[in-house]
Amino acid sequence: MSGVVSLNSGFFTDGSFGHPRSELGKLHTPALFMDGGSSDIACANNQANHDLATVPAVPARHPQAGHTGFDTGSRPTDGIRPTAKAPRVVAKKNF
C-alpha cells in the first residue's frame, strides 16, 4: 500500500465508534485526510486526526462537500473522483 485516504476520519479521543486516536500511530504510509469543511460534523475531528499523524499527511477540505459530498457528490460519479485519484497523487509526490 502506498497511501491511505481517510474520508471524515473517525478516530476519537475516547475510542467511541471503535477507533481510538492511538490507532493513528499505526499508519506507515502517507495519508490524505479529507473532510467537507466547517459544515461537516467530522471537520474538527478530521483535523485533529491529521495533526496527530506521524507519517506525511495532507489535509483536504472541500467546503461545498459537507459531510457526505466526497462519498456521494452532486451526481453519482462525483463522490468517487477524489478517492480514485488520490492514490495517483500520493504516488507522484516525493514525501
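In this text, all values refer to a predicted model and were calculated from it rather than measured experimentally.
We find the NE2-CZ distance between His19 and Phe11 to be 6.0 Å, quoted to the nearest 0.5 Å.
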| task | Using the side-chain contact (heavy atoms from CB on, under 4.5 Å) rule, take Asn49 and Glu23 through it: C-alpha gap first, then chi angles, then the decisive distance, then the call. | result | CA-CA 10 Å; Asn49 288 190; Glu23 293 291 306; over 6 Å; no
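Side-chain contact between Arg21 and Asn45: present, with at least one pair of heavy atoms (C-beta onward) separated by less than 4.5 Å.
Residues Ser2 and Pro30 come closest through the heavy atom pair O-CD, 3.4 Å. The minimum heavy-atom distance between Ser6 and Asn46, with the atom names listed, is OG-OD1, 4.2 Å.
Residues passing the side chain to side chain contact (heavy atoms under 4.5 Å, CB included) test with Asp40, sequence neighbours excluded: Asn8, Asp35, Ala42, Cys43, His67. Checked against side chain to side chain donor-acceptor pair (under 3.5 Å), Ser16 has the following partners two or more places apart in sequence or in another chain: Asp14.
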Donor-acceptor pairs under 3.5 Å, side chain of residues 50-60 to any protein atom, not counting sequence neighbours: which ones?
unit_1	atom_1	unit_2	atom_2	d
His50	ND1	Gln47	NE2	3.4
His50	NE2	Ala57	O	3.4
Asp51	OD1	Gln47	NE2	2.8

